[in-house]
Amino acid sequence: MINNFKVEKVERLDKFLSDVTGYPRNQIEGLIKNGCVKVDDKIIIKNGLKLKLEQNISIEIKNADPTKSEFSNEEILAYNIQIIYEDEAIMVINKPAGLIVHDAPSVKEPTLVDWLKLQNISLSTISGEERHGIVHRLDKGTSGLMVVAKTNEAHSALSSQLEDKSMGRYYLAVIDIPLKNDLIVEKPIGRNPNNRLKMGIVNDARYAKTAFKKLIENKNKEASSHKYEMICAKLFTGRTHQIRVHLESLNRRILGDDLYGFKSKDSNIDRIYLHAFSLYLQHPITNQICKFVAPIPNDMQDVLTQNFDQGIIDEKINDKYISSCFADVDNWL
């Protein structure tokens, strides 16, 4: 689909398109970068181009192509992806650990986007070919809830909610050493200068804020060599590896997170125990406040059963209790 506009006010290209389409600026920048925008029939890839009065602007929003994949249907469908909720505007899914969300130059395996395209459903397209439907993401090793946009209008509305923090998730994690207390970490995150696979606390990098809540400590910590603790985390920003980096800054690691220094001889810990447990948002069409919960994966549940009291697990690992934990988060400081 191609939309055409005429310039009536001198301003930057990205701001002009964001204003006339209603799409967030970061999505407009992605469309410009991918060659989807023309000024007077010439493709422009410069976001800050200063427009002139009466210029003609066109922007192309491409349909998702379900056939464009280098992987077989069997490879793509091998992932067990649970659909938590679906209507004409959104789909909420429970992403399994080990699944990459979208394509990138280094990716050599099927992604969530491949799976979504294979479902023969409508997907938003304003984030580019590799990210059809993707509003927010999870790391490959992280499991849990994601919302997928099926229309560009829904995508735009959900992206705005991410920006104003009216949409968010609560994460569960099992860490190697208990926290001393509930706390908020505000430290800038950027690419680790010594290891390009990692992020780190870097001066003058992007601002990042995470709240951590203690939930359950090891039931047998006096008799056990393990001092594990189940915690909950709430993000106020969305930086790559944010929870993991902020925990590392506290000398804490999530079980299975070898990249950030977790060490264990337990061969059963073969992935990072971080799970996006609950998701809240305002429905982009009905404006209804919606809450969703993703069941804890079996491997992570086994760790909970082995190390924590089941009665306390049942009491605290539920959406109502976890939401209440952060009701007064502004007063933690």
Side-chain angles (χ1 to χ4, degrees), residues 97 138-139 141-145 168-187 189 198-199 201 208-236 239 241-278 293-329 331-333:
L138 290 172
D139 294 338
T142 303
S143 58
L145 289 170
R169 289 176 289 198
Y170 295 116
Y171 294 78
L172 297 175
V174 183
I175 59 175
D176 56 355
I177 302 173
L179 296 172
K180 293 181 179 179
N181 47 259
D182 303 335
L183 77 163
I184 292 175
V185 178
E186 293 184 81
K187 296 180 180 179
I189 292 177
K198 297 177 61 176
M199 306 298 286
I201 305 301
K209 178 180 178 181
T210 313
F212 294 107
K213 174 72 177 180
K214 294 166 63 70
L215 288 180
I216 316 170
E217 288 194 34
N218 190 313
K219 61 183 177 182
N220 296 316
K221 62 181 180 179
E222 297 299 329
S224 171
S225 60
H226 300 317
K227 298 180 181 179
Y228 300 154
E229 181 177 44
M230 166 70 78
I231 64 169
C232 186
K234 175 180 171 60
L235 299 180
F236 294 86
R239 310 298 174 229
H241 297 180
Q242 180 173 320
I243 292 174
R244 302 159 69 182
V245 173
H246 276 171
L247 283 172
E248 184 188 39
S249 75
L250 301 171
N251 197 31
R252 305 295 192 275
R253 278 86 183 174
I254 301 174
L255 269 61
D257 194 0
D258 300 334
L259 180 62
Y260 286 91
F262 173 74
K263 294 180 174 62
S264 174
K265 296 180 180 179
D266 189 342
S267 60
N268 292 324
I269 301 177
D270 58 1
R271 67 102 165 177
I272 180 172
Y273 287 133
L274 178 63
H275 180 65
F277 176 70
S278 63
V293 171
I296 296 175
N298 291 336
D299 55 354
M300 191 169 174
Q301 184 62 55
D302 289 342
V303 171
L304 298 186
T305 302
Q306 293 166 10
N307 292 279
F308 304 102
D309 183 271
Q310 187 62 49
I312 300 177
I313 292 173
D314 295 339
E315 174 189 350
K316 294 188 175 182
I317 308 303
N318 62 79
D319 179 60
K320 184 176 181 180
Y321 178 82
I322 289 174
S323 296
S324 70
C325 289
F326 295 93
D328 64 342
V329 67
N331 298 321
W332 287 13
L333 295 177

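Just so we're clear, the structure is a prediction, and the values are computed from it rather than from any experiment.
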[atom1]-[atom2] distance between [X] and [Y], expressed to the nearest 0.5 angstrom:
X	Y	atom1	atom2	value
Q301	I313	CD	CD1	6.0 Å
E229	N307	CD	CG	12.5 Å
R271	T142	CZ	OG1	8.0 Å
I296	S143	CD1	OG	9.0 Å
L215	I322	CG	CD1	6.0 Å
R169	F277	CZ	CZ	14.5 Å

Tell me which pairs pass salt bridge (charged side-chain N to carboxylate O under 4.0 Å, His left out) where either residue lies in residues 244-262, with sequence neighbours left out. D139-R244, K198-E248, R244-D257
For residues 311-322, pull every pair meeting salt bridge (charged side-chain N to carboxylate O under 4.0 Å, His left out), keeping only residues two or more places apart or in separate chains. none
My understanding is that only residues two or more places apart in sequence, or in another chain, count here; which of them pass side chain to side chain donor-acceptor pair (under 3.5 Å) with Y273? none
Looking at residues at least two apart in the chain, or sitting in another chain, which of them share a side chain to side chain donor-acceptor pair (under 3.5 Å) with T210? Q242, H246
For residues [X] and [Y], determine if any side-chain heavy atom of one lies less than 4.5 Å from a side-chain heavy atom of the other.
X	Y	answer
I272	Y260	no
D309	I216	no
Y171	L138	yes

What are the two closest heavy atoms between D176 and L255, and how far apart are they? N-CD1, 3.8 Å
Where is the tightest heavy-atom contact between A211 and I184, given as atom of each residue plus distance? CB-CG1, 4.0 Å
Could you pull out all residues at least two apart from D302 that satisfy salt bridge (Lys or Arg N to Asp or Glu O under 4.0 Å)? none
Just jot down the salt bridge (Lys or Arg N to Asp or Glu O under 4.0 Å) partners of K187, sequence neighbours excluded, or say none. none
Is a salt bridge present between K214 and D182, judged by a nitrogen-to-oxygen distance below 4.0 Å? no
Could you check whether any side-chain N or O of H275 sits under 3.5 Å from a backbone N or O of A294, counting only pairs where one atom can act as donor and the other as acceptor? yes
Got a donor-acceptor contact below 3.5 angstrom from the Y228 side chain to the L304 backbone? no
Can you list everything that forms a side-chain contact (heavy atoms from CB on, under 4.5 Å) with N298? Sequence neighbours excluded, please. none
Partner set under side-chain contact (heavy atoms from CB on, under 4.5 Å) for A173, not counting sequence neighbours: I231, I254, L274
Checking Y170 now: which residues fulfil ring pair (Phe, Tyr, Trp, His ring centres under 6.0 Å) with it, not counting sequence neighbours? Y280, F326
